[in-house]
Amino acid sequence: MLDFKLTQHQQEAQPLVEVEQKEHQVYDLIILGGGPAGLTAAIYAGRAALKALVLAGSLPGGQIANAEMVENFPGFPDGIAGAELAQQVHEQAQRFDATIITEVVREVDFSVYPLEVRTSSNIYHARAVIIATGTIPRRLGVSGESEFYGRGVSTCATCDGFFYRDRRVVVVGGGDSAVEEGLFLTKFAREVIVVHRRDELRACDMLQKRAFANPKMRFVWDSVVEGILGDQAVKGIRVRNVKTGETSVIDTDGVFVYIGLIPVTGIFKGQVDIDDNGYIITDRRQQTSVPGVFAAGDVQNPDFRQAVVAAGSGAVAAIEVGRFLAGLSQTQ
Ligand SMILES: Cc1cc2nc3c(=O)[nH]c(=O)nc-3n(C[C@H](O)[C@H](O)[C@H](O)COP(=O)(O)OP(=O)(O)OC[C@H]3O[C@@H](n4cnc5c(N)ncnc54)[C@H](O)[C@@H]3O)c2cc1C
């Protein structure tokens, strides 16, 4: 049974360690990533009778598994817990014979054919690849953040909120994720302080209304975090008002950071075209700059980072893989 609710995911590329075992089988398709995009691609690949392998990394089910409740995925009129949605999509992909394993991809070589994908323990080959490695949370980059990461600093309220019963917590950010996760934290914490660098939230109207109506939520506007303070545990944060320049300390037991996302594309640099912000460039058929290599989901879409959009692009990519392989077999 896979854990669809991991505490943190650390899937930045690690240095390649020595490969102990080699696999000689050539798959029709290897899908890199087991989130909504990758697993939907696996469902479509299975239904097209393609032999597909999903390398799901350390967050099987993807980021949606960390969402407390998903209210905007079609087919669930009462909403569905993110972990349950992830589990269901995973089971659906397995029903269509996708092999799903939680190895982390360390290196790829798209200059050879069949295309090559390496993990710590295996070398895999495929006639097509779909990259669906999603994004990871952006860090604040201030003093104390790394030191207290995982013990007072978090990027996942759904995973860690439980530990803050009757405590005071700070949420950094002003978008949908920050407000949604802040609201979730009010179930446990006695007070949730949202620190935002602007004087208004970016979150959608519905979330804003819920947040402003919640008596446990408080807002510190025009402020950026300059440091996380503590000794054995987090005790507070130092903030600077960007309008007045004044600094002050806010006492807190925990800090939840939602200041944006970074695409997981480090291992693809030099292999496929990537834009200035690190996102993989595709055409509307999800084709990258390398024939046979496609990309789907948040890793190639900074504008619409939603599960349903990721799933849709995963479907498109898998359909296109089928066409690519059919074209290839006609020329052979
Ligand atoms: C807290 C939270 C709440 C959200 N709520 C909603 C919501 O209510 N509705 C909604 O539509 N969207 C929501 N989203 C956004 C949604 O989760 C994402 O848009 C969606 O998960 C993107 O899917 P994806 O498959 O592109 O990437 P991801 O879900 O990010 O999945 C990436 C996958 O790639 C894998 N991976 C990464 N690196 C490697 C590697 N090197 N090797 C192998 N595998 C790797 C990971 O393990 C993971 O399986 C929420 C996100 C968060 C964080």
Side-chain angles (χ1 to χ4, degrees), residues 2-6 8-14 16 30-42 53-74 76 79-83 85-86 89-90 100-108 117-120 124 129-137 154-161 173 175-185 204 206-207 256-258 260-268 279-280 286 295-314 317:
L2 293 172
D3 183 358
F4 286 91
K5 237 177 184 179
L6 301 185
Q8 295 296 344
H9 62 122
Q10 295 157 341
Q11 44 227 358
E12 291 105 333
Q14 304 289 321
L16 185 64
I30 297 180
I31 298 164
L32 314 182
L39 292 177
T40 305
L53 170 69
V54 181
L55 298 173
S58 53
L59 190 66
Q63 286 185 71
I64 202 71
N66 288 334
E68 188 216 2
M69 184 58 73
V70 181
E71 293 181 326
N72 52 10
F73 200 89
F76 301 99
I80 180 168
L85 177 61
V89 183
H90 188 273
I100 306 172
I101 53 180
T102 52
E103 286 178 31
V104 174
V105 177
R106 306 293 193 203
E107 196 174 287
V108 295
V117 174
R118 287 170 171 245
T119 67
S120 304
Y124 297 100
V129 164
I130 295 176
I131 300 168
T133 45
T135 55
I136 52 169
S154 171
T155 53
C156 181
T158 317
C159 318
D160 300 330
D176 282 351
S177 293
V179 176
E180 202 170 334
E181 299 289 274
L183 282 163
F184 174 73
L185 285 166
C204 70
M206 191 189 71
L207 286 173
F256 289 82
V257 182
Y258 299 99
L261 297 162
I262 303 170
V264 182
T265 52
I267 50 174
F268 308 114
Y279 288 87
I280 294 179
Q286 309 305 138
D298 286 6
V299 76
Q300 50 83 58
N301 187 348
D303 300 318
F304 305 101
R305 287 186 296 224
Q306 290 289 290
V308 70
V309 179
S313 64

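Both counts, for ligands and for their atoms, begin at 1 and track the order of listing. In this chain, residues are counted from 1 in sequence order.
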For ligand 1, which is the ligand I care about here, please tell me if [X] has any N or O atom under 3.5 Å from one of the ligand's N or O atoms.
X      : answer
Leu59  : yes
Gln63  : yes
Glu181 : no
Gly297 : no
Ala310 : no
Leu32  : no
Val105 : yes
Val264 : no
Asp298 : yes

Are [X] and [Y] close enough that some pair of their side-chain heavy atoms sits under 4.5 Å apart?
X      : Y      : result
Glu103 : Arg118 : no
Val179 : Phe184 : no
Tyr279 : Val299 : no
Val70  : Ile64  : yes
Leu32  : Val108 : yes
Val129 : Ile31  : no
Asn66  : Leu59  : yes
Ile280 : Ile131 : yes

Any side-chain to backbone donor/acceptor pair from Ser313 onto Gly297? Under 3.5 Å, distance only.
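Checking the backbone N and O of Gly297 against the side chain of Ser313, a donor-acceptor pair under 3.5 Å is found.
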In ligand 1, which numbered atoms sit nearer than 4.0 Å to a non-hydrogen atom of [X]?
X      : value
Gly57  : 43 (C), 44 (N), 45 (C), 47 (O)
Leu55  : 43 (C), 44 (N)
Thr135 : 30 (O)
Ala56  : 35 (C), 44 (N), 46 (C), 47 (O), 48 (C), 49 (O)
Asn72  : 7 (C), 8 (O), 9 (N), 10 (C), 11 (O)
Ala132 : 32 (C), 33 (C), 34 (O)
Gly34  : 33 (C), 34 (O), 48 (C), 49 (O)
Ala37  : 25 (O), 26 (O)

Do you see a donor-acceptor pair shorter than 3.5 Å between the side chains of Ser120 and Arg106?
yes
Verify whether one side chain among Glu180 and Tyr258 offers a donor that lies under 3.5 Å from an acceptor in the other.
no
Out of Ala307, Ala178, Gly82, Ala65, whose heavy atom is nearest to atom 11 (O) of ligand 1?
Ala307
Out of Ala311, Gly35, Pro36, Gly314, indicate the one that has the non-hydrogen atom closest to atom 23 (O) of ligand 1.
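Nearest option to atom 23 (O) of ligand 1, by heavy atoms: Pro36.
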Pick one of side chain, backbone, both or neither for how Ser177 approaches ligand 1, counting any non-hydrogen atom pair under 4.0 Å.
neither
Worked check of side-chain contact (heavy atoms from CB on, under 4.5 Å) between Glu107 and Ile267
CA-CA 6 Å; Glu107 196 174 287; Ile267 50 174; 5.7 Å; no
ring-ring contact (aromatic ring centres under 6.0 Å, His included) with Phe256: which residues, sequence neighbours excluded?
Tyr164
Under 4.0 angstrom from ligand 1, any heavy atom of Glu103?
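The answer is yes: ligand 1 sits under 4.0 Å from a heavy atom of Glu103.
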